There are 2 protein chains.
Amino acid sequence: MPETPLAFAPHDHSACSGNILARADALCCDGGLRLTPVRRRTLEILLETHKALGAYDVLERLAADGFGHQPPVAYRALEFLVEHGLAHRVRRLNAFAACMHPGEPHSPAFFICETCDSVAEAPVADVRQALDTAARKIGFSVERVNLEAVGRCPACSAR
Amino acid sequence: MPETPLAFAPHDHSACSGNILARADALCCDGGLRLTPVRRRTLEILLETHKALGAYDVLERLAADGFGHQPPVAYRALEFLVEHGLAHRVRRLNAFAACMHPGEPHSPAFFICETCDSVAEAPVADVRQALDTAARKIGFSVERVNLEAVGRCPACSAR
DNA sequence: CGAAGAATGTAATGTTATAACAATACTTGA
DNA sequence: TCAAGTATTGTTATAACATTACATTCTTCG
């Protein structure tokens with residue numbers, strides 16, 4: 001069965017985000033990491049929608065919540081989340097999205113709908129493997145990968 | 001035989017870039033496009049090295065050559081080249097690289113060496129196909145794709 | 001407690017990218 | 001050829017994204 005990513009499927013979003021937030025709490029607790037108020041709030045903000053948010057959008061929200069007003073506030077929190085696998089950076093959009101599979105090792109690709117701006121993270125282990133193979137053939141050793149596709153999500157295609 | 005991309009192989013670079021420039025001329029001529037002086041010079045600049053150049057680096061070079069000093073000068077030329085398949089945008093680096101296969105339909109991935117900054121464009125039709133398959137499974141229709149890997153090139157790995 | 005390190009706040013600045021409009025050059029057709 | 005329309009370039013200004021540096025506060029742990 002093709003697993004439709006949550007971003008493209010109707011679902012109980014508050015359960016969805018609550019779930020991930022709980023997992024983030026657990027992961028940080030286990031890993032001796034500090035999911036401080038700014039960091040946790042930042043993750044909550046990203047989790048509100050299945051879209052990618054720019055650092056300044058996040059900052060605006062944080063500032064409204066009483067946190068600092070300067071860019072580093074947002075960038076630092078986002079950096080923490082990305083570094084520890086709780087969020088991803090979407091280069092194509094200069095933006096950030098909450099990770100939908102925190103803790104699970106996964107090779108994600110991002111599917112960006114240019115009509116509704118939703119961003120889905122889908123596991124694409126086989127694609128990643130194919131890329132690694134291609135890299136090996138040319139003697140390149142891969143550290144990190146960005147796989148991003150722009151197009152139309154199921155809902156927007158239907159219209 | 002694994003085709004090592006030019007960027008990672010010793011080669012006669014002036015022949016390499018001259019060749020591509022000639023093909024660019026031909027393509028534009030055929031397609032009724034105008035490879036104007038700024039545009040052609042921009043392509044030449046990109047072709048000087050197998051690295052990606054930022055728009056402002058390109059601009060600096062263009063300005064030194066007597067073209068305009070303002071950002072749009074570079075961005076417009078680069079946009080033209082990208083639009084017509086003569087260059088690629090490397091999102092990971094906020095930079096641009098000359099296309100090594102102008103005119104040929106190809107699904108490139110970019111292999112970015114974080115040690116020497118060289119950027120190789122390698123054809124990865126199979127990777128692209130795997131991604132398209134993954135997209136189809138979730139009902140996403142792909143328009144454009146960015147495949148970018150950061151790591152170490154053969155030469156830098158050897159050291 | 002008190003020192004060391006982590007995290008946050010803030011100011012300033014650097015970097016990348018685009019909008020808007022004026023001026024010029026090229027093309028086309030009467 | 002010349003005028004009208006289009007494409008291209010020049011320039012100003014500003015928007016959007018990101019980092020450096022340093023002061024301050026909070027946590028942890030001896």
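Small disclaimer: the values here were computed from a predicted structure and weren't measured. Every chain is numbered from 1, with letters handed out A, B, ... down the list of sequences.
Inspection of the A:R91 and A:N146 side chains reveals no N or O donor paired with an N or O acceptor under 3.5 Å.
Whole-Å rounding puts the A:R92 CZ to D:dA16 P distance at 19 Å.
A donor-acceptor contact shorter than 3.5 Å is absent between the side chain of B:D65 and the backbone of B:F67.
Residues from residues 66-84 of chain B placing a heavy atom under 4.0 Å of any atom in DNA chain D, listed by number, are B:G68, B:Q70, B:P72, B:V73, B:R76. Contacts between residues 26-42 of chain B and DNA chain D, defined by a heavy-atom separation under 4.0 Å, are made by B:R34, B:T36, B:V38, B:R39. Near DNA chain C, meaning a heavy atom under 4.0 Å from it, residues 54-62 of chain B has B:Y56 in order of number.
Ion pair A:R61/A:E48 flagged as a salt bridge, since at least one NZ, NE, NH1 or NH2 atom sits closer than 4.0 Å to an Asp/Glu carboxylate oxygen. A salt bridge between A:R144 and B:E114 is present, with a side-chain N of the basic residue lying under 4.0 Å from a carboxylate O of the acidic one. Checked for salt-bridge contact, B:R128 and B:D132 meet the test: a charged N lies under 4.0 Å from a carboxylate O. A salt bridge links B:R23 and B:E104; the closest N-O separation between the charged side-chain nitrogens and carboxylate oxygens is under 4.0 Å. A salt bridge is absent between B:R76 and B:E79: the closest approach of a Lys/Arg side-chain nitrogen to an acidic carboxylate oxygen does not fall below 4.0 angstrom. A:K51 and A:D117 are not joined by a salt bridge, as no carboxylate oxygen comes within less than 4.0 angstrom of a charged side-chain nitrogen.
Across all strands shown, B:R91 has no heavy atoms under 4.0 Å from either base or sugar-phosphate atoms.
Judged by the 6.0 Å distance and 45° axis criteria, A:R89 is not positioned over the aromatic ring of A:F96.
In terms of phosphate contacts, B:N94 brings a side-chain nitrogen or oxygen within less than 4.0 Å of OP1 or OP2 of C:dA17.
Within the 4.5 Å cutoff, the side chain of B:C99 has no heavy atoms near those of the B:L86 side chain.
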